[in-house]
Amino acid sequence: MSMIGQWQLRAAFAVRLSEMYGREVPAYTTLVDVSREVNEDVLRARGADAERLGSIGRVTAERHGAIRVGTPRELHQVARVFGALGMHPVGFYDLREAAASAVPVVSTAFRPVDGEELARNPFRVFTSLLTPADPRFFDDGLRARLETFLAARELFPPELLALADRAAADRGLPADDAERFLHLAVQAFELSAEPVDRAWYRTLERVSAVAADIGGVRSTHINHLTPRVLDIDELYRRMTDRGIEMIDTIQGPPAWKGPDVLLRQTSFRALAEPRAMRTEDGGVVSGALRVRFGEVEARGIALTRAGRALYDELLGRVDEQAARHPATARDDIARTVWERYLPGSEEELAAQGLAYFTYRLADDRPRDGRTPPTGVAELVRQGWVRAEPVVYEDFLPRSAAGIFQSNLSGEGTRDNDRQGTAYDADWLSGAVGREVLDPFALYEQQQNRSLAQAARALGLTDPVR
Ligand code: OOG
Ligand code: NI
């Protein structure tokens, strides 16, 4: 029987999850349609340039999902399911610190890590883990109740996990098993019809709407599924024109005339969804919860550590100026700051070591026996190699916190007099049961490999810098 490889499983899972989410949240389908229209228009207007950060095939299929789980055990199971799809945990995000309201989670993103796999299908899932042990949010009593509740539920059936382990070990599954695996995997992320214990949900909601969404129910669900768009400002306008209420801002870098860097995100507001509720006297009534929303994003070039430090510094400057000039639109302030401090071209970003590029031999490189120069910048300038930007595959904690926050119903409560529990990438690696990879190291590897290959092909022995 034919084997379905891991990347095919990943692509099929993304498609089926998208179909399922479209049935559950029809506005998502509108978002996908409008994104496709915008992408087609951008491709027509800009031609090949529109595909500089990914082929239109990749971008059209590209999605990221977001899920939230309650315990390290659940997170480890998630890692097995996504491991089957060739996705690995990358990056550590502490949203407790990035958010002003109560977002008691730490997160990572499961995604493919090598260039070829990303080009085949870049599906990724932002995955958050609840932190019941953080006393700023949960007192001892609530923590104990929450942990007992979480320990008693099962998010992923044993059959799904067994199939996942086989897919990871054999790098794929026979067609029949693949079908069963995909069915069970999508089902695990559907919104459950089981009535929500209203009193318990409310108790958690007073602390944090996110805590209630995670720990107030006996199952998990996809929170949002995000398409990628080539012009997010245009997307925002078109969604608004259709009468869909968007959050106030586009998170991340401002619109400006220089290169797109990192990630810009926005969303339509969380919609009220009907959910059955079990009341205190055991009856079931119909209620509604507002937790799921429709995010959309535009991706730019991956920044180096230095580039990222500059980005964070610029955000700080924008905050400072926005506080001093409350009457000026934040976006205008941001654009001015960007134009002043961020290099306005890919060449400059590369020359200053602020962004990642891969390098390949130019088809029309000199062939007259000349010896190529040894420095990267000169190799590019004299037409020996071409630089191609590396797309940012990860997330931004502050944007993530902003997206969480703008879609929460209440602020929740948080006791800042208490010391928060410290978590880091190492701790999360232990919880996930596999190493949480460093995104910068992955980008750097990709860049260095391409440079080494180009240097070898040109017969250069000196390391190219
Ligand atoms: C995750 C929010 C973060 C993003 O794209 O930054 C996120 C969530 O709401 O669970 O998905
Ligand atoms: Ni998201």
Side-chain angles (χ1 to χ4, degrees), residues 14 17-18 21 25 27-28 31-32 35 62-70 74-75 78 82 87 89-111 122-131 155 189 191 204-205 208-217 219-229 232 235 246-247 249-253 262-271 273 289-300 311 315 391-410 412 428 439:
L17 198 66
S18 188
Y21 195 56
V25 181
Y28 161 77
L31 186 64
V32 169
S35 299
E62 187 159 344
R63 297 282 184 281
H64 88 247
I67 59 164
R68 306 160 172 184
V69 296
E74 290 174 356
L75 184 63
V78 167
F82 292 145
M87 296 155 68
V90 180
F92 171 77
Y93 305 89
D94 195 338
L95 298 185
R96 299 172 306 161
E97 307 311 326
S101 44
V103 181
V105 299
V106 292
S107 314
T108 186
F110 288 88
R111 67 166 176 87
F123 183 61
R124 44 176 106 67
V125 179
F126 192 90
T127 304
S128 299
L129 172 65
L130 190 64
T131 57
L155 302 184
F189 296 108
L191 198 64
L204 290 172
E205 213 175 22
S208 154
V210 179
D213 182 46
I214 300 172
V217 291
S219 57
T220 189
H221 45 254
I222 178 113
N223 174 270
H224 60 261
L225 196 60
T226 300
R228 180 170 160 194
V229 73
I232 198 167
L235 181 285
M246 304 295 282
I247 62 169
T249 51
I250 295 174
Q251 306 280 341
L262 298 174
L263 176 66
R264 301 181 69 211
Q265 301 179 308
T266 189
S267 79
F268 63 70
R269 283 199 188 279
L271 303 168
E273 292 179 282
L289 292 177
R290 204 176 268 277
V291 287
R292 307 205 296 174
F293 48 87
E295 188 188 46
V296 59
E297 67 191 12
R299 291 189 170 264
Y311 172 77
L315 274 186
V391 67
Y392 189 59
E393 305 286 352
D394 295 287
F395 294 86
L396 295 170
R398 176 150 157 177
S399 299
I403 293 280
F404 260 111
Q405 232 159 260
S406 49
N407 278 293
L408 297 181
S409 34
L428 197 65

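One-based numbering, in listed order, for ligands and for the atoms of each. Because only heavy atoms are used, hydrogens play no part in the values below, and waters and symmetry mates are left out as well, while side chains stay in.
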Taking both backbone and side-chain atoms of [X], is any N or O found less than 3.5 Å from an N or O belonging to ligand 1?
X      : answer
Ser399 : no
Ser128 : no
Glu297 : no

Can you tell me how the ring of Tyr93 sits relative to the ring of Phe126, calling it parallel under 30°, perpendicular over 60° and tilted otherwise?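 Correct class here is tilted.
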Which angle, to the nearest 10 degrees, do you find at the Ni ion (ligand 2) between NE2 in His64 and NE2 in His224? 110°
Among the N, O or S atoms that Glu295 has, which is closest to the Ni ion (ligand 2)?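 Among the N, O or S atoms of Glu295, the one closest to the Ni ion (ligand 2) is OE1.
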For atom 7 (C) of ligand 1, which candidate among Arg68, Gln405, Arg398, His224 holds the nearest heavy atom?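 Minimum heavy-atom distance to atom 7 (C) of ligand 1 goes to His224.
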Residue portion contacting ligand 1 (non-hydrogen atoms closer than 4.0 Å) for Tyr93: neither
Asn223: numbered ligand 1 atoms lying under 4.0 Å from its heavy atoms: 9 (O)
Against heavy atoms of Phe293, which atoms of ligand 1 measure under 4.0 Å?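 Listed by number with element: 9 (O).
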Among all the protein's non-hydrogen atoms, which is closest to [atom], and how far away is it?
atom                   : value
atom 3 (C) of ligand 1 : Ala400 CB, 3.5 Å
atom 5 (O) of ligand 1 : Gln265 NE2, 2.8 Å
atom 2 (C) of ligand 1 : Phe404 CE1, 3.4 Å
atom 4 (C) of ligand 1 : Glu295 OE2, 3.4 Å

Rounded to the nearest 0.5 Å, how far does OG of Ser399 lie from CZ of Phe404?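 It is 12.5 Å, given to the nearest 0.5 Å.
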What's the separation between atom OG1 in Thr220 and atom CG in Asp213, rounded to the nearest 0.5 Å? 7.5 Å
Of Arg228, His64, Arg264, which is the lone residue that meets side chain to side chain donor-acceptor pair (under 3.5 Å) with Glu297? His64
Ionic contact status for Arg111 with Asp394, cut-off 4.0 Å: yes
Salt bridge check, Glu273 against Arg292: does any charged N sit closer than 4.0 Å to a carboxylate O? yes
Arg299/Glu393 under salt bridge (charged side-chain N to carboxylate O under 4.0 Å, His left out): CA gap, chis, key distance, verdict: CA-CA 8 Å; Arg299 291 189 170 264; Glu393 305 286 352; 5.5 Å; no
Only one of Thr226, Ile232, Val296 passes side chain to side chain contact (heavy atoms under 4.5 Å, CB included) with Ser35; say which it is.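 Single pass found, and it is Val296.
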Can the ring centroids of Phe293 and His224 be said to lie less than 6.0 angstrom from one another?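 When the ring centroids of Phe293 and His224 are compared, they turn out to be within the sub-6.0 Å range.
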